[in-house]
Amino acid sequence: MQMIDIEQLPGGVAPPPVRVGDASIDEATIALEMQYHPAETAGEAQLQAARALVVRELLRQRANVLGLLSTQEASEAQEDAAIAALLEQELEVPEPGEADCQRFFDTHRERFSEPTQLRVRHILLAAAPDDSQGRDDAYQLGEKLLKELNSIPERFAEFAQYHSACPSKEMDGDLGWLVSGQTVPELDRALQHLPEGLHERPLASRYGWHVVIIDERREGRALPFDQVADRVRHSLREQATRRALRHYLLALESEIGVEGIVLDDDAGGSLMQ
């Protein structure tokens, strides 16, 4: 049973209480925790916050049973130390072997390659996604600027300072060196395939239209295993830790009892961040 937003319940019925063993987690505590769990909706943030508090309470109670937490009035720092000691004592995480690392590397070579780097300048012509007229106007302005820039490319800095809605206008539109994942996905996908030079048409994003120049491309390259072996081993160890922690928490959930919420497959993910 997942947490239910009280606004979604008929007649203003309160959502089910969240309990871990004999301990309850009230709505005020969950609301305070939500600031640490940004999400697309308040309901999702509430759910993530509640799960994080349930995970902490499960571990706190287990630490108390094992005598690692000596008082109910322990400080947050004392609880953190007790939980760390608990996981060190009870979590069994196998160390990845050399063959496992090599196999993982062979299957995920792209994760351990040097990414393509792009030196980018842009002019953001802002328009909201739902403002069709504003987006049409911004696109037409973008085409007009491109026509001017094709004749006089030296005016890019001037146009960026005057027209761009991005803070980069203070640097003449310069975004510096970018790798994949550093801009919004829709713009990122387009940038990765552009050659050097002024792009012939404005590029769309949720923020509006972008007049873009790629000043330089540094193509990515595959790296040999011996250069990334430590990264591969770290990735495998992190995966193994997540699996072990998930199984451990689900066992605690079954043993201690949790009401009002169900831990998901990524139980304890917040502990890994």
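Side chains included, hydrogens not; waters and symmetry mates left out as well; all remaining heavy atoms used. Values in this document were obtained by computation on a predicted structure and should not be read as measured data.
Remark: Glu88 CD is loosely packed, at most 12 non-hydrogen atoms of other residues, nucleotides or ligands lying under 6.0 Å away. Environment of CD in Glu92: sparse, with no more than 12 heavy atoms of neighbouring residues, nucleotides or ligands closer than 6.0 Å. Crowding of Tyr207 atom OH: a count of heavy atoms from other residues, nucleotides or ligands under 6.0 Å not exceeding 12. Within a 6.0 Å sphere centred on CG of Asp22, other residues, nucleotides and ligands contribute 12 heavy atoms or fewer.
Closest non-hydrogen pair, Ala45 versus Met34, comes out as O-CG, 3.8 Å. Nearest heavy atom pair, residue Glu110 against residue Thr107, reads OE1-O, 4.3 Å. Residues Leu118 and Gln192 share a closest heavy-atom pair of CD1-NE2, 4.0 Å. Looking at every heavy atom in both residues, Leu69 comes nearest to Ala74 through CD1-CB, 3.8 Å.
One distance of note links OH of Tyr162 with CZ of Arg155; it measures 11.0 Å at 0.5 Å rounding.
Checking each of Glu98, Glu95, Glu238 against Arg233 for a side chain to side chain donor-acceptor pair (under 3.5 Å) leaves exactly one that passes, namely Glu98. For the ring-ring contact (aromatic ring centres under 6.0 Å, His included) with His210, the lone residue among His163, His122, His199 that qualifies is His122.
Classification of Asp215 and Arg121 as a salt-bridged pair holds, one side-chain N sitting under 4.0 Å from a carboxylate O. Ion pair Asp172/Lys169 not flagged as a salt bridge, since none of the NZ, NE, NH1 or NH2 atoms sits closer than 4.0 Å to an Asp/Glu carboxylate oxygen. Ion pairing of Arg221 with Glu219 is absent here, as no side-chain N (NZ or NE/NH1/NH2) approaches a carboxylate O to less than 4.0 Å.
Considering only heavy atoms from C-beta on, Phe159 stays 4.5 Å or farther from Lys144 through its side chain. Between Arg135 and Tyr139, every side-chain heavy-atom pair lies at or beyond the 4.5 Å cut-off. Residues Pro185 and Arg189 are in side-chain contact: their nearest non-hydrogen atoms beyond the backbone lie under 4.5 Å apart. In this structure, Arg242 and Leu245 have side chains that are not in contact, with every pair of non-hydrogen atoms separated by 4.5 Å or more. Looking at heavy atoms from C-beta onward, Leu59 lies in side-chain contact with Leu86 at the 4.5 angstrom threshold.
In the model, Gln133 has a side-chain atom that pairs as donor or acceptor with a side-chain atom of Asp137 under 3.5 Å. There is no side-chain donor-acceptor pair under 3.5 Å between Gln182 and Asp188.
One hydrophobic cluster holds both Val20 and Leu66 under the rule that ILVMFWY side chains link at heavy-atom gaps under 4.5 Å.
Taking the six-membered ring for Trp and the full ring otherwise, the centers of Phe112 and His108 sit at least 6.0 Å from each other.
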